[in-house]
Amino acid sequence: MNSKDSIERIEAVLKSAMPFQTTPGGLLQKIAEISTERSYAAGELIYELDDIADDVYVVSTGSVRHTLGKESDAEKYETTLRNGGVFGWAAVLEGQNTRLARTVSEEDTEVIRIDGKGLIDLFKTDPTLGDVVMSRFATMIKKEFTMPDSTASRVPSFKEVVEADSLMGSEVTGASMTVYRVS
């Protein structure tokens, strides 16, 4: 369990991260409660390509080198992330349970680790806000990580799927709704 000070620190870092910048305080606090703080020494491996994708990370201080696997079809395979940078987003992609990149701290670095399954479960309780944050994840994946639409489209949608299913009576997935939003 995080202390009140820890939750406040985590919330401050989350507010600086693109997907969470517009997240209301109550939901941000719930996200902070399912998060942990972790430190890495310069040169320390955070995760390896094909490791289990369980957490989303936000850089609090320091920097990390994020190197996508060649099969990712990204336009740019390597990037450095600093304060507020988000990585490990494979943990929230539909149908993805392994890492798409190798990530190493470039200097002494502190990160916030957000439980990916816990984050998805939180968004299911508030589909409208969940969709806003997930749309921001899809935009970040496409623009900042130069990933193809096929990857960004795997960010789940919540509210729109329920509404679309009830209105159209058809099989609509979170992925297809995200492709629509990204395009």
Side-chain angles (χ1 to χ4, degrees), residues 1-49 51-68 78-94 96-145 152 155-159:
M1 184 87 173
N2 291 323
S3 70
K4 184 178 179 192
D5 287 343
S6 176
I7 288 174
E8 288 174 359
R9 268 193 318 277
I10 292 170
E11 284 183 78
V13 172
L14 292 177
K15 284 180 188 178
S16 70
M18 197 280 241
F20 305 108
Q21 289 171 342
T22 61
T23 305
L27 182 56
L28 206 57
Q29 181 177 351
K30 289 178 182 177
I31 295 169
E33 290 171 354
I34 62 166
S35 302
T36 56
E37 297 174 291
R38 174 83 197 271
S39 297
Y40 294 91
E44 187 174 352
L45 178 70
I46 297 173
Y47 59 75
E48 186 62 76
L49 182 68
D51 281 355
I52 299 296
D54 50 1
D55 293 331
V56 175
Y57 297 74
V58 180
V59 178
S60 180
T61 63
S63 61
V64 299
R65 172 67 57 184
H66 185 269
T67 308
L68 289 160
E78 195 167 84
T79 189
T80 296
L81 300 163
R82 301 188 192 293
N83 298 6
V86 178
F87 62 102
W89 36 262
V92 296
L93 294 180
E94 291 180 331
Q96 184 70 39
N97 61 358
T98 59
R99 296 289 178 200
L100 301 171
R102 179 178 202 267
T103 306
V104 177
S105 61
E106 290 189 319
E107 58 188 298
D108 290 348
T109 301
E110 294 183 9
V111 299
I112 305 301
R113 292 179 65 160
I114 307 166
D115 174 31
K117 182 182 179 326
L119 187 62
I120 296 298
D121 289 345
L122 271 177
F123 292 155
K124 287 177 181 176
T125 66
D126 192 337
T128 302
L129 287 174
D131 276 348
V132 169
V133 176
M134 284 295 141
S135 290
R136 293 176 68 86
F137 263 103
T139 298
M140 177 192 71
I141 291 166
K142 177 80 173 132
K143 291 184 178 177
E144 293 179 26
F145 289 89
V155 171
S157 178
F158 305 102
K159 182 176 183 281

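- Smallest separation of non-hydrogen atoms from Gly84 and Ser16: CA-OG, 3.5 Å.
- Minimum interatomic distance between Ser39 and Glu110 (heavy atoms only, all atoms of both residues): OG-CG, 3.5 Å.
- At distances below 3.5 Å, not a single donor-acceptor pair connects side-chain atoms of Asp131 with backbone N or O atoms of Ser157.
- In the model, Ser105 has no side-chain atom that pairs as donor or acceptor with a side-chain atom of Glu44 under 3.5 Å.
- A 4.5 Å side-chain heavy-atom check between Phe87 and Val111 finds at least one atom pair inside the cut-off.
- Taking the six-membered ring for Trp and thresholds of 30 and 60 degrees, Phe145 and His66 have ring planes more than 60 degrees apart, a perpendicular arrangement.
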- Given the rule in the side chain to side chain contact (heavy atoms under 4.5 Å, CB included) test, do Val64 and Glu106 qualify, once you have shown the distances and angles that lead to the verdict? CA-CA 5 Å; Val64 299; Glu106 290 189 319; 5.8 Å; no
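- Taken from CG in Leu49 to OG1 in Thr103, the straight-line distance is 9.5 Å, to the nearest 0.5 Å.
- In this structure the side chain of Ser63 never reaches within 4.5 angstrom of the side chain of Val59, judged on heavy atoms.
- A distance of 11.5 Å separates CD of Glu107 from CZ of Arg65, quoted to the nearest 0.5 Å.
- Taking 4.5 Å as the limit, some side-chain heavy atom of Met134 sits within range of a side-chain heavy atom of Val92.
- Between Ile31 and Leu27, the closest side-chain pair of non-hydrogen atoms falls below 4.5 Å.
- Atom CE of residue Met140 and atom OG of residue Ser135 lie 12.5 Å apart, to the nearest 0.5 angstrom.
- In plain terms, the two heavy atoms of Pro19 and Val133 that are nearest each other are O-CG1, 3.5 Å.
- Listed for the Arg136 side chain is a donor-acceptor partner under 3.5 Å among the backbone atoms of Met18.
- Contact check on Lys117 versus Asp121 returns a salt bridge, with a Lys/Arg side-chain nitrogen under 4.0 Å from an Asp/Glu carboxylate oxygen.
- Atom NZ of residue Lys30 and atom CD1 of residue Ile7 lie 12.5 Å apart, to the nearest 0.5 angstrom.
- Contact between Lys142 and Ala152 at its shortest, heavy atoms only, is CB-CB, 4.3 Å.
- With a 4.5 Å cut-off on side-chain heavy atoms, Leu14 and Thr23 do not count as touching.
- Checking side-chain atoms of Gln96 against main-chain N and O of Thr98 turns up a donor-acceptor pair under 3.5 Å.
- Between the Asp108 side chain and the Ala42 main chain, a donor and an acceptor come within less than 3.5 Å of each other.
- Of all non-hydrogen atoms in Ile34 and Leu119, the two that sit nearest each other are CD1-N, 3.4 Å.
- In this structure, Phe137 and Leu93 have side chains that are not in contact, with every pair of non-hydrogen atoms separated by 4.5 Å or more.
- For the pair Arg99 and Asp55, the salt-bridge criterion is not met [side-chain N within less than 4.0 Å of a carboxylate O].
- Taking CZ of Arg38 as the reference point, atom OG of Ser60 lies at 14.0 Å (rounded to 0.5 Å).
- Of the inter-residue distances, the one linking Thr36 atom OG1 with Ile10 atom CD1 reads 7.0 Å to the nearest 0.5 angstrom.
- Side-chain contact between Arg102 and Leu45: present, with at least one pair of heavy atoms (C-beta onward) separated by less than 4.5 Å.
- Counting only distance, with no hydrogens or angles, the side chain of Tyr47 and the backbone of Gly88 share a donor-acceptor pair below 3.5 Å.
- Not one N or O on the side chain of Ser6 forms a donor-acceptor pair closer than 3.5 Å with the backbone of Ser3.
- Using a 4.5 Å heavy-atom cutoff, the side chains of Ile120 and Phe158 are in contact.
- Considering every non-hydrogen atom in both Thr109 and Thr61, the closest pair reads CG2-O, 3.1 Å.
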